[in-house]
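The model shown is predicted, which means the values in this text are computed figures rather than measured ones. Residue numbering restarts at 1 for every chain, and letters A, B, ... go by the order of the sequence lines.
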Amino acid sequence: MTFPANIFASTNIGVDKTNLSILDDLNESQKQAVQHSGGPLLVVAGAGSGKTRVLTRRIAHLIGSQNVSPFEILAITFTNKAAAEMAERVSKLVGRVALRMWVSTFHSACARILRMDGSSVGIKSGFSIYDVSDATRLVDYARRDLGVDSKRFSPKGLQRSISNFKNELITPGQALENAQMDTQATVAKIYAEYEQRLRAANAVDFDDLLGKCVELLREDDEVREKYQNRFKHVLVDEFQDTNLAQWEFVRLISKKHNNITVVGDADQSIYRFRGADHLNMQRFEQEYEDASVVVLNTNYRSTENILNAANAVISNNNSRHKKELVSDKGIGEPIVVYYANSDRSEAQYVANTINKLSTTQSLDSIAVFYRTNAQSRLIEEQLIRNGISYRIIGGTKFFDRREIKDAISYLRVFSNQSDEASWRRIINEPKRGLGDTSISKIATFARNYGISFRKALEKPNEIGLSKKASTAALGLCSLFDVAANGEYETVAKVLEYLLEASGYKKMLEDEGSFESQGRLENLLELISQAREFDIAIDKKIEFAEQGDSGLEIPTFAHEDSTIFNPESVFDRIQAFLEAVSLLAESDQANANDESVTLMTLHSAKGLEYSTVFITGLEEGLFPHERSMGDISELEEERRLCYVGITRAMDRLYLTCALSRIMYATPDYFSPSRFLKEIPAELVNAIEDKEVPSEFMRSSAPGTNNKSSRYSRIYDDFAFDDIDPNDQSEQGRVIGQGKRPRRRDFATDEIIRSRIWGSDSASKDQISDVNEFEAQPLISQPPEPDFDTSEFAIGSRISHEKYGLGTITSLDTHKNGDIAISVDFPTDRTRTFMASLNPPIELV
DNA sequence: ACACTTCACCTTTTT
DNA sequence: GGTGAAGTGT
């Protein structure tokens, strides 16, 4: 079991002000950006072009040369880790005062503002912050109580829709007004109900942090004035990943002084699913006509080979301003592309290669990336087998574990008595005889009388609970009363008491299973993290009295300590909960021992490693199946690939596997189009030596009856000529799934030849860099036989999944592919590529 | 109310 | 392959 590196072990940052001059080691463009005197500034910063350096130096420059107070600067970064790093780097230039500045993520900054000033938009200071799973649960309660069918409106789908509304700053009322169909109206009603419940629970979700903050800045003149006056300079990193709410927040808060610097790279925009819109880069120029623009296009990170590969891949995106990075390093080694037979042999190759590399370079300088978290498991296994230590970023998150969520809920209930969702989580955990019936009664009572869940819990007799339930309810109340009696002064002490006195710990101990043992260990880990947090706060107090602080405590800067009383255990717990909620995946990236880093491509943004492995480069996985039908989503996948490649400084390995186990069922893939987009002369291609492994054939039949794109690719390639009625041994259909699983009886050789090309080139030929193109291992996906000749703008069509729609545009791309955009009244406008044979028919 | 089962769905990606 | 919802039996 891997625990996250301790997130609260406050890095005792070396804050010696070095003799570094602010303008040392900068090129002309960088200097220009750093010295920009004021007004709007857009820095278009390619990968590895010294973006962070520019931002850091600019802040230092403002403080050192422009007489700007550190407290008049608001700097927004993408993760808490990036924020801490930036504060540290600034502190090296201007001293410790930098550590008390507002350098934070959007979400942290907004949470802070809402804590202090949220009351006028209905947010009370003690609010709980719900993560996506909390929010989804609450949305589902709202759906259920409105009597809406969960089959047609899935909790996740609803949560996503609501989240999208919030990202676009659309209120429930507006959503209802805009609704054109019943389904949309239903979603809007659930949205309204969900909002009401959030407010009743004094809780906000992630999107609210921004949305409510924008509402506050828009509507409360006094508050707006306060922040606009205060922040004379606003700087935003990763601007290409801002959504409308974030953009609006930035615009509002910087409006008075208009000294706004944004830094970004449209080619690295990878958060569209979260509402990010890289066009915000262009909009910035339109909105601020007097904006200065600085372009940083010298890459100081990667070798020419790596950079050329990245440039080649990204140039396939059509909706893009052409720009090319120039490398400052030599040519470097060729990129290695490894074609594995299976996901297992892919993982073996990665582990073996790391083993070899580790004799000449530190494991810290090596990273392995993948598209989805689920891919990490096999790689982990092989690394363990090879005795290579690793750390994993994200994945099954520590704070997502059930026991941790329960413990957090105990704390939430302690600090926010109205938090119904958290009450529900812990009220019968451990079992107290307060089952579903009792819970419903309590919740209904609370709602009817407009009182908090806790207040209702105190009145079991009025509610009419059974005797056993009544006793349990009163017992629970007194548990929290005792916890709050002043005897327990720190987060750790309260937490320990609650877990002990509630019987939660005992419940796990009594269970005595291997699993419950693990859960107990996790709880101990949480308590120790709480302890670290307490220590950090206490140290902070000490330093603060000396007028200085070397420690970074999440959220509560000394400057604004009026809202945070370290003597109050309530405030401490609230701070702890907030730090935990807003923790980013990539915030855990530090570990002490030397090890390889594993993470998703998304988490990799902003980082760099000497050696990078990108695994799972297969059609359907990367680009992901879910993005393959929509051109703009496909382009986002390509940007993700670009981000991955440009993380590598010296060596880049790309791997793809012929077969891969998905949902415990083997499936077959063809190599990713991204591999083909890399010029052959940059590549050294290697093919798996091993005989295809047995397990691919012998694996137990599952019930994967999903008609996936992979299956289709697979079917098209391998089995057009296999008769499903063939009763011979070769053709016998095995497996009892609803759909015969034809893949089970085919030999790997058939599959291999059909998917990868019929006369698979010999290993030697493939390894020859120059012959790679001449001997393509990879056969193209099905030739586009999709006929668009009768399509015209305005044609009415019918789509298998989205129903009737109207063609709004037809674009022929430079590769000959045709993009068909269709407006669906029941859905958004979608774009389909003819080469992908979309299920569209003229009507 | 709870313990035990079977079943569907799942995986993009994250503040 | 793992999880949470829903169903079944005490």
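The distance between atom CG of A/L621 and atom P of B/dC10, rounded to the nearest whole Å, is 17 Å. Straight-line distance from the CG atom of A/D667 to the C1' atom of C/dG1: 15 Å, rounded to whole Å. What separates CZ of A/R160 from P of B/dC10 is a distance of 13 Å, to the nearest Å.
Aromatic stacking is marked for A/F273 over B/dT13, as both cut-offs hold: 5.5 Å for the centres and 30° for the planes.
Between A/D241 and A/R274 there is no salt bridge, since none of the side-chain N atoms of the basic residue sits less than 4.0 Å from a carboxylate O of the acidic one.
Under the ring-ring contact (aromatic ring centres under 6.0 Å, His included) criterion, A/Y191 pairs with A/F165, sequence neighbours left out. Residues forming a ring-ring contact (aromatic ring centres under 6.0 Å, His included) with A/F273 (at least two apart in sequence, or on another chain): A/Y271, A/H602. By the side chain to side chain donor-acceptor pair (under 3.5 Å) test, A/E608 is found to be paired with A/R301, residues two or more places apart in sequence or in another chain being considered. Residues meeting the ring-ring contact (aromatic ring centres under 6.0 Å, His included) test with A/F674, sequence neighbours left out: A/F622.
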Could you run down nucleotides 1-7 of chain B 5' to 3' and tag each one B, S or - for protein heavy-atom contact under 4.0 Å? SSS----

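Within 4.0 Å (heavy atoms only), A/Y271 reaches sugar-phosphate atoms of the nucleic acid but no base atom.
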Here DNA chain B, pairs taken as Watson-Crick or G-U under 3.5 Å and shown with ( ), [ ] when crossing and | when to another strand, reads |||||||||......

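Distance noted for atom P between C/dG4 and B/dT13: 16 Å (whole Å).
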